[in-house]
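Everything on this sheet refers to the single structure shown next.
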Amino acid sequence: MSLTKLDVAKRYSKALYEALASDNEVDTAKAELNALQEVLRADPELEIALSGVALDGKQKESLLNPLVASVSSQYVKNLINMLFEYHRINDLGAVIDEFNNLYNEKHGIVKAEATTAIPLSHTEKDNLAKSFGKRINAKKVELSTKNNPDIIGGVILRSSDVVFDGSIRTKIEQVKRLLLK
Amino acid sequence: MSIKAEEISALIRKQLEGYKDDLTVDETGIVTYLGDGVARAYGLDNALSGELLEFQNGVYGMVQNLETNNVGIVILGDYTGICEGDTVKRTGRIMEVPVGDAMVGRVVNALGQPIDGKGDIDTTQTAPIEHKAPGIMQRKSVDQPLQTGIKAIDALVPIGRGQRELIIGDRKTGKTSIAIDTILNQKDQDMICIYVAIGQKDSTVLQQVDTLNKFGAMDYTIVVSAGPSEPAPLLYVAPYAGATMGEYFMNKGKSVLIVFDDLTKQANAYRELSLILRRPPGREAYPGDIFYTHSRLLERAAKLSDKLGGGSMTALPIVETLAGDVSAYIPTNVISITDGQIFLNADMFYAGDRPAVDAGTSVSRVGGDAQIPAMKKVAGTLRIDLASYHELESFAQFGSDLDEATKSKLDRGARTVEVLKQKLHDPIPVEKQVLILYCLTHGYLDKLPVDDVLRYQAEIFSYFDDSHADLLKQIKDTGKLPEQADMDKAIEEFANIFQPSVKDEEAK
């Protein structure tokens, strides 16, 4: 079976991270990678053009060169060239995503999404992030918020695979099940 | 209205007291693929193999494959309501079905939910469907007979309690009938029967349930049905669910008879699942663990040691062959797992020799120890008689040129075949089986026209019921044959009053 995008991304990002960590360049490279990710997101056709067959090698290189020139880290430059050479340039975005996941994991940063019925104020958001961080032993919580009036009240926190559900909707549902028993 | 509002609110208050305000923490995954009865989900990093999962719309699933980036899930229910992108939740439980005395007399689906319209099943106990079979020290060798009430089986391929005896044959050769007749014969034997219908037409299952009801057999029977229109995962788990319900009674020291009708369809369902889960296909496209699927199921049939209460679970798996081909994959597998097989021959069935038990290829590797001594004595030569009869059968066409010995062998054989015929849903108690076989092996039937044999049987049964009930009782209670003189005397008395029908030649 051929490797999935996720397998590829995991392997490249792990190797990249270890190489960068040995030279203490992780943070600078991360900023550059994220800038690169912005470029890819802004122009989704770039990856397609680079990996497709419509352009020949020279044209692709001319597209790729400004990208390579824009970064200063040698490792990141090498990464782009290597992915291009191995025909995996369309996995670049996934590699950067995985790299960020790896970075967060090593630095105890947890991403979470809070769903509430009404928008949260800044202090509320900070408090929520802090108490959530304490509960799951994370150094820092990057909290994004979402509004959904359907949950009536309370908060639903989703962090990677785990859902902490303290919404009124779920509680009502539980009471309903209890009464029906 | 007689119910007062206060009463209701008091009731609600009482129930609400049991409510705990907890933050629910769920581990979830996202459905990335959905096939017939199978889903794959990303996430669920800590899920265990065999764990029960809950989909967003309340349908349950069971973890089957654990891979690097996803888990393969079989869906136990309607999978049409699930979409790509739905969330799946871990439940932390493994799959269980309800067990208990209240299950008896009910028709349930593979999840143990009632489908007979008789309301909820009043039981609080559940047990996991996958359970490790009893080990060597927990077992005892099979020593008690399980009477099927079918002469051809009790005499030639006796089944013991705790044995696994395969019923195998082509489609429409009476496999299910043998199983149902065996259940019917367990009336008043303090036996719990479980009939697991896997992929059987709902109309057929209804017919079987009606038969069981008509003969009063539902009082001690549980029917587990996973119909052909249900998703493959339910067909796959149905026999395990049935075995779990049986184990409950076995562990209580009771005797259980479980029929799996049939394992071919379960194997097909499992093949379907495995292929959609992208497991590598093996012979006949069955997955590599198809043997284990059946062996771990049938291994759960056991005779428990006295220390554990001495309960037993006898399994009668059924396997369908195509054009009598027992060397196909599933039949050979199950033959090698079980302690013997009852082979049903399509030619015999169409020739009218029903039940169409093929004496030559049917064997029981354990049951002989469990046969009552009287039966052992009268049935001892039966197999050889039949074998030599079938060998000589082709000569029968040249009737006039045969010597005495051959002729007598042929006569005996023809009568043996006739005696082993039996009507549908007409089980015969063991003492009467011994009686008719005694008449056969002691030559009392040799003088009768072949067409009279079954009439002779019916009449001698009622004669013994009326005049010699003590002899029958003696066989039943002691398991031994009465004095030969007593038996011979009683049979001769009957022979004197029996009127053979007039032969055609004499009538002319």
Side-chain angles (χ1 to χ4, degrees), chain A residues 1-14 91 94-95 97-98 101 105 110-116 128 131-132 134-138 146 148 150-181, chain B residues 7-33 40-48 51 53-58 63 65-73 85-92 120 122-124 277-281:
Chain A
M1 228 155 70
S2 65
L3 291 173
T4 62
K5 208 175 173 117
L6 204 61
D7 289 318
V8 173
K10 274 190 174 158
R11 287 179 190 179
Y12 277 85
S13 60
K14 187 163 174 253
D91 293 338
V95 173
D97 281 340
E98 271 307 310
N101 285 345
E105 197 183 301
V110 172
K111 276 191 179 172
E113 186 194 70
T115 311
T116 48
L128 189 62
S131 53
F132 182 61
K134 218 178 263 172
R135 186 177 167 127
I136 58 167
N137 282 329
K146 205 170 130 188
N148 182 4
D150 284 353
I151 69 165
I152 304 171
V155 186
I156 300 174
L157 265 176
R158 177 189 291 273
S159 170
S160 64
D161 279 352
V162 189
V163 178
F164 297 79
D165 195 340
S167 69
I168 302 291
R169 181 180 63 185
T170 310
K171 282 181 187 165
I172 290 176
E173 198 62 35
Q174 278 171 348
V175 173
K176 194 168 141 193
R177 274 193 211 177
L178 193 77
L179 290 179
L180 282 175
K181 232 185 235 173
Chain B
E7 280 176 22
I8 297 175
S9 59
L11 208 68
I12 291 176
R13 198 179 309 135
K14 209 172 138 199
Q15 276 186 303
L16 282 179
E17 273 161 15
Y19 174 72
K20 275 190 233 120
D21 185 19
D22 264 340
L23 193 62
T24 54
V25 181
D26 293 318
E27 277 183 63
T28 59
I30 301 214
V31 177
T32 56
Y33 168 89
R40 264 201 293 277
Y42 174 77
L44 294 168
D45 286 339
N46 299 316
L48 307 168
E51 185 176 334
L53 305 174
E54 192 182 348
F55 287 91
Q56 200 174 307
N57 62 350
V63 179
N65 275 12
L66 295 172
E67 284 160 40
T68 39
N69 297 321
N70 61 52
V71 291
I73 306 162
D86 277 5
T87 52
V88 212
K89 227 167 42 180
R90 278 186 66 187
T91 62
D120 285 344
D122 181 24
T123 177
T124 51
L277 281 167
R278 289 209 234 156
R279 290 178 179 172

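By convention in this document, chain letters (A, B, ...) are assigned in the order of the sequence lines, proteins followed by strands, and residues within each chain are numbered from 1.
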Handout entry: B/Ile30 versus chain A, the contacting section by heavy-atom distance below 4.5 Å
Key = neither

Completion exercise
A/Phe132 meets the ring-ring contact (aromatic ring centres under 6.0 Å, His included) criterion, sequence neighbours left out, with A/Phe164

Problem - Pairwise distance OG1(B/Thr68) to NZ(A/Lys10) - rounded to 0.5 angstrom - result: 7.0 Å

Practice task
Return the option, out of A/Val163, A/Leu6, A/Ile156, A/Leu157, with the maximum number of heavy-atom pairs under 4.5 Å with chain B.
Solution key: A/Val163

Exercise for the section: Report the distance from atom OG1 of B/Thr24 to atom CD of A/Glu173, rounding to the nearest 0.5 Å. Expected result: 11.5 Å

Exercise for the section: For A/Asp150, look at atom CG and say whether over 12 heavy atoms of other residues, nucleotides or ligands are found less than 6.0 Å away. Expected result: yes

Exercise for the section: Please indicate whether B/Tyr42 has more than 12 foreign heavy atoms, meaning atoms of other residues, nucleotides or ligands, lying under 6.0 Å from its OH. Expected result: no

Problem - Pairwise side-chain contact, A/Asp161 with B/Arg90, heavy-atom cut-off 4.5 Å (strictly under) - result: no

Exercise for the section: Check whether any side-chain heavy atom of B/Asn69 lies under 4.5 Å from a side-chain heavy atom of A/Asp7, and answer yes or no. Expected result: yes

Handout entry: Residues forming a ring-ring contact (aromatic ring centres under 6.0 Å, His included) with B/Phe55, sequence neighbours excluded
Key = none

Problem - Heavy-atom neighbours of A/Lys111 NZ exceed 12 at 6.0 Å - result: no

Practice task
Report the C-alpha separation of A/Arg135 and B/Val25 in whole Å, then their side-chain angles, then the decisive distance to 0.1 Å, and conclude whether the side chain to side chain contact (heavy atoms under 4.5 Å, CB included) test is met.
Solution key: CA-CA 12 Å; A/Arg135 186 177 167 127; B/Val25 181; 3.9 Å; yes

